[in-house]
Amino acid sequence: MQLIGNIIWIILIGWESALVWLVAGLVCCITVIGIPIGLQCFKFAKLSLVPFGQQIVDRGGATSMIANIIWFILCGLWLGLGYLAAGVIFCISIIGIPFGLQCFKLMQLSFIPFGKDVISTN
């Protein structure tokens with residue numbers, strides 16, 4: 001079921017989203033200061049390409065808390081609200097509920113990405 005979900009996700013939205021996150025990560029990595037943000041963008045690219053069968057785990061830490069506060073103020077709130085809106089729209093229909101749940105997973109990561117890892121559940 002994960003394979004079918006990922007294939008449908010990639011066709012509908014996954015490849016575009018992953019490409020945007022990949023380009024954003026490459027642009028952020030041009031400067032030394034932007035490298036930590038670029039690494040988070042690569043994490044988003046991985047999760048937004050194939051979200052089914054992926055899980056977010058928390059590593060925590062004081063450094064990640066400070067980085068998450070800055071991230072949340074600058075862009076995390078808006079990214080999270082965007083994924084929330086997409087998830088609610090997907091969840092309107094029964095067929096879209098699995099895709100809405102994946103949007104909610106991306107929302108969780110977009111609010112506070114530092115100190116989180118994306119791992120495969122397989």
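Predicted model, so just to flag it, every value in this text is computed and none were measured. As a basis for the values below, the full set of heavy atoms in this structure was taken, side chains included, without hydrogen atoms, waters or symmetry mates.
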For [X] against [Y], the heavy-atom pair lying closest together:
X	Y	result
D58	G115	OD1-O, 3.2 Å
C91	L101	SG-N, 4.5 Å
C29	L39	SG-N, 4.5 Å
S110	F44	CA-CZ, 3.2 Å
F111	W71	O-CD1, 3.6 Å

Below 4.5 Å, heavy atoms only, C-beta onward: do [X] and [Y] meet side chain to side chain?
X	Y	value
L22	C41	no
V50	W9	no
Q40	K116	no
Y83	S17	yes
F42	W21	no
L79	M107	no
P98	F90	no

Approximate separation, where rounding is to 0.5 Å, of [X] [atom1] and [Y] [atom2]:
X	Y	atom1	atom2	answer
S48	I10	OG	CD1	10.0 Å
M65	I70	CE	CD1	10.5 Å
I8	I95	CD1	CD1	9.5 Å
L109	D117	CG	CG	10.0 Å
L84	L77	CG	CG	10.5 Å

Hydrophobic cluster membership, with links at side-chain heavy-atom distances under 4.5 Å among I/L/V/M/F/W/Y: are [X] and [Y] in one?
X	Y	answer
L49	V118	no
L12	V88	yes
I97	F104	yes
L74	L106	no

Requested in this report: Take atom CD1 of I119 as the centre, draw a 6.0 Å sphere, and report whether it contains more than 12 heavy atoms from other residues, nucleotides or ligands.
Outcome: yes

Query raised in the report: With distance as the sole criterion, is a donor-acceptor pair present between the side chains of Q108 and K105 under 3.5 Å?
Result: no

Query raised in the report: With sequence neighbours left out, which residue pairs that include part of residues 47-68 fulfil the ring pair (Phe, Tyr, Trp, His ring centres under 6.0 Å) condition?
Result: F52-F99

Query raised in the report: Under the side-chain contact (heavy atoms from CB on, under 4.5 Å) criterion, do L47 and I56 qualify, and how do the steps go?
Result: CA-CA 9 Å; L47 185 61; I56 300 170; 4.0 Å; yes

